[in-house]
Visitor: 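Take this structure, written in structure tokens, and hold onto it; I'll ask about it next.
Predicted, not measured: the structure shown is a model, and the values here were computed from it.
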Amino acid sequence: QVQLVESGGGLVQAGGSLRLSCASSGRTFSNYAMGWFRQAPGKEREFVGAISRSGAVTYYANSVKGRLTISRDNAKNTLYLQMNSLKPEDTADYYCAAGYTYYTDTYYYQAEKYNYWGQGTQVTVSS
């Protein structure tokens, strides 16, 4: 199995920045596509961003394009989400996920296509 642990969440003012990390262990990190999802209270979990196994290709939700950047360091078995120009609507619990079956690019956007999930880290953006 794969274990994923998120960190880096916290409280930040609107317009500020945070960098989330997701540490992976258990299996070869570079074999997995990785994604970030978030869920605010009372709302459904939504896609934030994803990255291919090598890191060559990235995907983003329209709501975060230009503000959030996903990256990975396979040598460190770590996934990152750099969050800039944060808005109150970014407030949510953020989860990283790993997937090993991607037959089309559209799968990156679908939570049900991921096989492993972290426990989440909370991000709160004040007005």
Visitor: Classify the side-chain pair Thr78/Asp73 by whether it contains a donor and acceptor separated by less than 3.5 Å.
Guide: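 Judged by distance alone, the side chains do not pair up.
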Visitor: Indicate if Tyr32 and Tyr80 have the same hydrophobic cluster label, given that clusters are the connected sets of ILVMFWY residues with side-chain heavy-atom separations under 4.5 angstrom.
Guide: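 No: no chain of side-chain contacts under 4.5 Å links Tyr32 to Tyr80.
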Visitor: How about Val64 and Arg38: do any of their side-chain heavy atoms sit closer than 4.5 Å?
Guide: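 Side-chain contact under 4.5 Å: yes.
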Visitor: Answer yes or no: is there a side-chain heavy-atom contact under 4.5 Å between Phe29 and Lys76?
Guide: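 No, side chains not in contact.
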Visitor: Check whether any side-chain heavy atom of Leu86 lies under 4.5 Å from a side-chain heavy atom of Asn84, and answer yes or no.
Guide: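 A side-chain contact is absent here, since even the closest heavy-atom pair is not under 4.5 Å.
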Visitor: Tell me whether Tyr108 is reachable from Leu79 by hopping between hydrophobic residues (I, L, V, M, F, W, Y) whose side-chain heavy atoms are closer than 4.5 Å.
Guide: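 No, Leu79 and Tyr108 fall in different hydrophobic clusters.
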Visitor: Report the distance from atom CG of Asn115 to atom CZ of Arg27, rounding to the nearest 0.5 Å.
Guide: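 Rounded to the nearest 0.5 Å, the CG-CZ separation comes to 9.5 Å.
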Visitor: Using the ring of Tyr107 (Phe, Tyr or Trp, six-membered ring only), decide whether Lys113 places NZ or CZ under 6.0 Å from its centre and within 45 degrees of its axis.
Guide: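 Verdict for Tyr107: a cation-pi partner in Lys113.
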Visitor: Are any side-chain N or O atoms of Ser54 and backbone N or O atoms of Ala56, one a donor and one an acceptor, separated by less than 3.5 Å?
Guide: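 Yes, the answer is positive, given that a donor and an acceptor are paired below the 3.5 Å cut-off.
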Visitor: OG of Ser21 to CD of Glu6: how many Å apart, nearest 0.5 Å?
Guide: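 Answer for the OG-CD pair, Ser21 versus Glu6, is 10.5 Å.
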Visitor: State plainly whether the residues Arg67 and Asp90 are in salt-bridge range, i.e. N to O under 4.0 Å.
Guide: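 Counted as a salt bridge, because a side-chain N and a carboxylate O are separated by less than 4.0 Å.
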Visitor: For atom CD of Glu44, decide whether the heavy atoms of other residues, nucleotides or ligands shown that lie under 6.0 angstrom number more than 12.
Guide: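 It does not: Glu44 CD has 12 such atoms or fewer within range.
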Visitor: Is any side-chain heavy atom of Thr91 closer than 4.5 Å to a side-chain heavy atom of Gln122?
Guide: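 Thr91 vs Gln122: side chains apart.
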Visitor: In this structure, would Phe47 and Leu4 fall into the same cluster of hydrophobic residues linked by side-chain contacts under 4.5 Å?
Guide: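 No; Leu4 is not reachable from Phe47 via cluster members.
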Visitor: Side chains of Tyr100 and Arg53 only: does a donor on one sit below 3.5 Å from an acceptor on the other?
Guide: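 On atom types as modelled, these side chains do not qualify, holding no pair under 3.5 Å.
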Visitor: Working to the nearest 0.5 Å, report the span between CD of Glu89 and OG of Ser63.
Guide: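 Here the rounded value is 8.5 Å.
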Visitor: Linking I/L/V/M/F/W/Y whenever any side-chain heavy atoms sit under 4.5 Å apart, do Val2 and Trp117 land together?
Guide: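 Different clusters.
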Visitor: Any idea which heavy atoms bring Ala33 and Tyr114 closest together, and the distance?
Guide: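 Scanning both residues completely, I find the closest heavy atoms to be O-CE2, 4.3 Å.
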Visitor: If you count the non-hydrogen atoms of other residues, nucleotides and ligands that lie under 6.0 Å from CD in Glu112, is the total more than 12?
Guide: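 It does: Glu112 CD has more than 12 such atoms within range.
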Visitor: Assess whether atom CD of Gln3 is packed by more than 12 heavy atoms of other residues, nucleotides or ligands within 6.0 Å.
Guide: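 Enclosed.
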Visitor: Quick check on side-chain contact (heavy atoms from CB on, under 4.5 Å): which of Ile51, Leu20, Val48 does Ile70 satisfy it with?
Guide: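 Answer after filtering Ile51, Leu20, Val48: Ile51.
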Visitor: Decide whether Val5 and Leu18 are clustered together by the hydrophobic rule: side chain heavy atoms of Ile, Leu, Val, Met, Phe, Trp, Tyr closer than 4.5 Å, transitively.
Guide: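 Shared cluster, no.
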Visitor: Between Tyr109 and Tyr59, how do the two ring planes meet: parallel, tilted or perpendicular, split at 30° and 60°?
Guide: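 Because their plane-to-plane angle is over 60°, the rings of Tyr109 and Tyr59 count as perpendicular.
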Visitor: Would you indicate whether the side-chain heavy atoms of Cys22 and Trp36 approach each other to under 4.5 Å?
Guide: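 Yes, side chains in contact.
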Visitor: Please name the pair of heavy atoms, one in Ala40 and one in Ala92, separated by the smallest distance, quoted to 0.1 Å.
Guide: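 Scanning both residues, the minimum pair turns out to be N-CB, 3.8 Å.
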Visitor: Do the non-hydrogen side-chain atoms of Met83 and Leu81 ever get within less than 4.5 Å of each other?
Guide: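 Result yes, sub-4.5 Å side-chain heavy-atom pair found.
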Visitor: To the nearest 0.5 angstrom, please state how far the OG atom of Ser17 sits from the CZ atom of Arg19.
Guide: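 The OG atom of Ser17 sits 12.0 Å away from the CZ atom of Arg19.
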Visitor: Working note: Tyr95 + Phe37, criterion ring pair (Phe, Tyr, Trp, His ring centres under 6.0 Å); need CA distance, chi angles, decisive distance, verdict.
Guide: CA-CA 5 Å; Tyr95 301 86; Phe37 292 77; 9.0 Å; no
Visitor: Given 3.5 Å as the limit, does a donor-acceptor pair link the side chain of Arg72 with the main chain of Ser52, or not?
Guide: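 It does hold such a pair.
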